[in-house]
Every structure is written in structure tokens, then in C-alpha cells.
Amino acid sequence: MTLVVSALASSSQGNAILLRLEQTAILIDCGLSMRAIERHLRLAGLDPADLHAILLTHEHGDHALSAGKLARRYGLPVVCNAATHAALGEQLAGAAVELLPIGAAAGIGPFDITSFRLPHDAAAPVGYSIAAAGVTVGLAVDLGSWTEEIVEHLRPADLLIVAANHDREQLQVAPYPQATRRRIFSSLGHLDNVQTGELLARIGADGRERDVWLAHLSEQANTPERARKGVGRVLQMAGISGLRLVTLPRRATLAPPGTAVWSSDGMLKQKSLFG
Ligand SMILES: [Zn+2]
Ligand SMILES: [Zn+2]
């Protein structure tokens with residue numbers, strides 16, 4: 001049994017991560033337009049009707065934009081906590097919603113799913129730890145700071161999907177209104193490359209090898225190179241060497257850079273999705 005993880009989109013313009021194991025497929029976040037998410041799923045070789053559930057991390061548009069529409073069109077359940085459900089209100093009307101309280105566990109086919117709280121300016125934002133086929137994927141994408149509790153939830157992961165949103169200096173000069181900049185900097189905003197490096201150093205201190213996808217890179221205030229270098233420098237200073245870093249493209253594309261695909265059998269690791 002091989003677990004395959006595909007990053008369909010990862011940025012403030014939209015997020016969607018697809019996990020597949022045999023006949024079961026789940027989508028984490030659905031922050032693209034209907035047209036785009038349907039197209040990206042088909043490009044990844046999946047008919048949207050063959051999804052089993054849409055898990056949401058929080059209600060922000062770049063994570064939840066078409067969750068309700070996709071759920072209604074294909075009769076899919078949306079899995080989220082009660083506060084996220086309430087915050088999405090009418091957007092989820094008519095969709096089957098399965099509530100997953102923060103910290104509770106749920107099984108969807110072969111996937112064992114646990115959510116955990118993240119510090120971010122939404123109703124009740126969460127990360128997920130998803131175990132299947134003897135491996136674990138840990139996802140913490142929109143968060144402005146990190147805690148030991150988050151470290152504990154992410155520690156079992158073989159694949160970590162963690163935001164490296166911005167470079168602090170680049171954010172200072174990015175063309176954002178001051179209020180936006182303050183929001184991103186805050187402990188309920190988004191992690192910068194150094195903070196992400198510190199979080200990963202804490203997780204990686206056990207010396208275990210892991211793959212890491214640096215996600216949700218800011219277009220204005222980060223670049224893949226800055227993210228890799230900024231995070232890598234912190235890891236190097238902490239003497240952590242077991243983490244393999246890859247930055248996620250903003251959208252999966254047919255041409256390079258394609259996107260990241262991770263497979264639990266180790267054969268397809270980090271290959272371009274469509275190349
Ligand atoms: Zn986001
Ligand atoms: Zn958000």
C-alpha cells in the first residue's frame with residue numbers, strides 16, 4: 001500500500017493538498033475556484049467524484065473558497081470543526097458536514113486523522129496529522145507562531161508540510177499596507193523563514209530523517225531560494241541534518257516546476273507531478 005501526497009496549490013492565492021491511498025482520496029483545503037480545483041484534480045489523475053472527503057484547516061478563502069461548491073456538486077462530506085463550520089455559514093449550506101472537534105481523531109478509509117490547534121487569526125484554525133500505510137503526514141500551514149504542543153503533533157511525521165511564509169526583511173519592503181504587514185508579522189499571522197527553521201529544528205532534534213515541504217510562500221515577501229536558505233541556515237546552526245527541504249510551487253503546472261509528489265514507498269519522492 002502506497003500513500004501518495006500531491007500538492008495541487010500552496011499560496012495565499014489558494015491551497016489544496018491531495019492524499020491518496022489505494023481507492024481512498026482526501027483533499028486538505030479547497031482554496032481554488034471550482035474550475036481550477038476540478039482541473040487540478042483531473043491533472044493529478046483523479047475524478048473529483050472519487051474524492052472521499054474535503055478536510056478544512058480554517059475558513060479563509062485561500063483554504064475554503066470552493067469547499068461548499070465541490071462538496072455539493074459531487075456529494076462529498078466536508079470535515080471541519082464547529083467554529084470553522086459556523087464561520088463558513090452559508091458557504092457550506094447544503095453540503096454534508098462532519099464535525100471533527102480539535103484534538104479528536106477520525107478515520108476516513110485507511111486514514112487516521114487528528115487535528116490540532118494553530119495560532120492564526122481565524123475562528124479555530126487547525127493543522128492535521130494523518131497516518132496511513134505505516135507513515136504519517138503532518139500539516140501546519142497557516143500559523144503565526146508555534147508551541148511545544150504543535151511540535152508534539154508534528155513529530156511523528158515522515159512528510160512535514162509547514163509554511164515558510166515570508167522573509168522578514170523582504171516583508172518590510174513589500175508593497176503591503178502597514179496593517180497587512182502587522183497582521184502577517186503577528187503571532188496570529190504567518191511564520192517567517194527563521195521561525196519555520198526554529199520549528200523544524202525542534203522537530204528534527206531527534207535526528208530522524210524526514211521530507212519537508214515548505215508551503216504557502218508569499219509571492220511578495222519570499223522566494224523559494226530565500227525560504228530554503230533561510231530555513232536551512234537555522235537548521236545548520238542547530239546542527240540538524242536529517243530534513244530534506246523542498247519548496248512548493250504556488251500551483252501545480254504541466255511544465256516545470258511542476259509540483260511536489262511524495263510517496264510512502266520512497267520511489268516517487270519529490271518527483272514532478274506531471275513531468
Ligand atoms: Zn492561507
Ligand atoms: Zn489563513
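Counting starts at 1 for both ligands and their atoms, following the listed order.
For the pair N15 (side chain) and H63 (backbone), a donor-acceptor distance under 3.5 Å is absent. Of the possible polar contacts, one joining the Y128 side chain to the L56 backbone as a donor-acceptor pair under 3.5 Å is found. N165 places a side-chain N or O within 3.5 Å of a backbone atom of H216 that can act as its donor or acceptor partner.
Under a 4.0 Å N-O distance rule, the pair E152/R155 qualifies as a salt bridge.
Among L139, I28, D112, the one residue that satisfies the side chain to side chain contact (heavy atoms under 4.5 Å, CB included) test with I130 is I28.
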Worked check of side chain to side chain donor-acceptor pair (under 3.5 Å) between Q178 and R181:
CA-CA 5 Å; Q178 191 56 32; R181 196 174 291 122; 2.8 Å; yes
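Of all protein N/O/S atoms, those lying under 2.8 Å from the Zn ion (ligand 2) come to 4.
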